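Inspection log for the structure reproduced underneath, given as structure tokens.
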Amino acid sequence: VAASVGPTGRIVEEEGGDVSAGQLYEAFKEQVLALGAGGADAICVETMSSVREALEAIRASKENSDLPVICTFTFEAGARGFRTMMGVRPERAAREAAAAGADIVGANCGNGIANMVEITRQMRAAVPGVPILIHANAGAPEVEDGKTVFKETPEFMAAHVAGLAAAGANIIGGCCGTNPAHIAAMAAAVRRLAARG
């Protein structure tokens, strides 16, 4: 079981916010200690947009547990390429998270699986020897009849697994909008790739 540690929703002072790095650390430490006591096998610091906040979460995880630490960021496509809400590019996110001690880096949420291929490629170039985890949404959320829906089918997501693997992803899963059928289809695609060698 990989225990999820998400962003606090606060902005650190050095990035224009009202919370100190120390306060972030203490909030993450409390979570990590509780999750470790609950039996987690790994800590997954995920859906991060601030490198500064991610670094405090990684440090709290490393200093207060012996568990492997995963750190993933959420990127948006824009005129200047993929960046987090705080303007961080995939290469920088991967490099700084790995340097801080994350055992696995990557991206989750925010994008359908096709966009994750380029994000993976950029991260792989920055951290050639670090495992990369990718959890894509089942597409961008759309509102229909007052409900949020995700339109990427299991088959569509499975069709992009080979591209993700070729770009450098080592662990592939799903985020918002995915269900057991999506995971099963992607797992079958991974097995087919492995069988081909």
Side-chain angles (χ1 to χ4, degrees), residues 1-76 82-111 116 119-120 122-124 126-137 164 168-180 183 186:
V1 175
S4 173
V5 174
T8 62
R10 305 285 295 277
I11 298 176
V12 71
E13 289 167 343
E14 61 197 70
E15 294 177 333
D18 62 355
V19 65
S20 71
Q23 288 172 306
L24 290 176
Y25 177 90
E26 289 302 321
F28 291 127
K29 176 181 176 180
E30 181 179 355
Q31 292 177 66
V32 168
L33 289 171
L35 293 167
D41 299 298
I43 300 294
C44 185
V45 174
E46 62 177 343
T47 324
M48 288 290 172
S49 61
S50 162
V51 167
R52 194 70 193 88
E53 183 175 24
L55 297 183
E56 291 304 325
I58 294 167
R59 187 166 71 91
S61 299
K62 287 296 195 176
E63 292 179 358
N64 296 284
S65 81
D66 294 322
L67 300 174
V69 178
I70 304 160
C71 183
T72 63
F73 292 80
T74 298
F75 301 95
E76 298 172 7
F82 290 102
R83 295 181 186 262
T84 71
M85 184 177 66
M86 300 298 288
V88 181
R89 296 171 53 97
E91 300 97 317
R92 178 182 168 210
R95 196 168 31 252
E96 293 203 30
D103 301 288
I104 299 168
V105 300
N108 76 293
C109 206
N111 285 281
M116 288 295 198
I119 291 167
T120 302
Q122 292 177 25
M123 289 189 140
R124 175 53 65 216
V127 290
V130 179
I132 293 178
L133 176 149
I134 299 294
H135 286 168
N137 283 355
L164 266 184
N170 304 100
I171 304 166
I172 299 170
C175 201
C176 302
T178 61
N179 60 43
I183 303 304
M186 289 188 285

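Computed from a predicted structure; not experimentally measured. Computed over heavy atoms, backbone and side chain alike; hydrogens, waters and symmetry mates excluded.
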For a side-chain contact (heavy atoms from CB on, under 4.5 Å) with Asn64, tell me which candidate from Leu33, Ile43, Leu35 qualifies. Leu33
With Ile171 as partner, the option from Leu133, Ile70, Ile132 fulfilling side-chain contact (heavy atoms from CB on, under 4.5 Å) is Leu133
Quick one: closest heavy-atom pair of [X] and [Y], and the distance?
X      : Y      : result
His135 : Gly174 : CD2-N, 3.8 Å
Ser65  : Ser61  : OG-O, 2.7 Å
Val12  : Ser20  : CG2-C, 4.0 Å
Gln23  : Asp18  : OE1-O, 4.4 Å
Ala98  : Val130 : CB-CG2, 4.0 Å
Val32  : Ala60  : CG1-O, 4.1 Å

Just by distance, do the side chain of [X] and the backbone of [Y] share a donor-acceptor pair under 3.5 Å?
X      : Y     : answer
Arg83  : Met86 : no
Asn108 : Thr47 : yes
Thr84  : Ser49 : yes
Asp103 : Val69 : yes

Rounded to the nearest 0.5 Å, what separates atom [atom1] in [X] from atom [atom2] in [Y]?
X      : Y      : atom1 : atom2 : result
Glu56  : Lys29  : CD    : NZ    : 12.5 Å
Leu164 : Ile172 : CG    : CD1   : 4.5 Å
Thr74  : Met48  : OG1   : CE    : 9.5 Å
Ile134 : Cys175 : CD1   : SG    : 11.0 Å
Phe82  : Met116 : CZ    : CE    : 9.0 Å

Checking side chain to side chain contact (heavy atoms under 4.5 Å, CB included) for the pair Phe28/Glu53: CA distance, chi angles, key distance, verdict? CA-CA 10 Å; Phe28 291 127; Glu53 183 175 24; 3.6 Å; yes
Can you check side chain to side chain contact (heavy atoms under 4.5 Å, CB included) on Glu96 and Leu55, steps first, answer last? CA-CA 8 Å; Glu96 293 203 30; Leu55 297 183; 3.9 Å; yes
Please step through side chain to side chain contact (heavy atoms under 4.5 Å, CB included) for the pair Phe75 and Met123, ending with a clear verdict. CA-CA 12 Å; Phe75 301 95; Met123 289 189 140; 3.8 Å; yes
Any heavy-atom pair between the side chains of Arg124 and Asn170 that's under 4.5 Å? yes
Considering only heavy atoms from C-beta outward, does the side chain of Thr8 approach that of Val19 to under 4.5 Å? no
With a cut-off of under 6.0 Å to the ring centre and 45° to the axis, is Arg59 in cation-pi contact with Tyr25? yes
Quick check: are there more than 12 heavy atoms from other residues, nucleotides or ligands sitting under 6.0 Å from CD of Glu13? yes
Test log, rule side chain to side chain contact (heavy atoms under 4.5 Å, CB included), inputs Phe73 and Val105: CA-CA 8 Å; Phe73 292 80; Val105 300; over 6 Å; no
Are Glu14 and Arg52 ion-paired here, with the side-chain N under 4.0 Å from a carboxylate O? yes
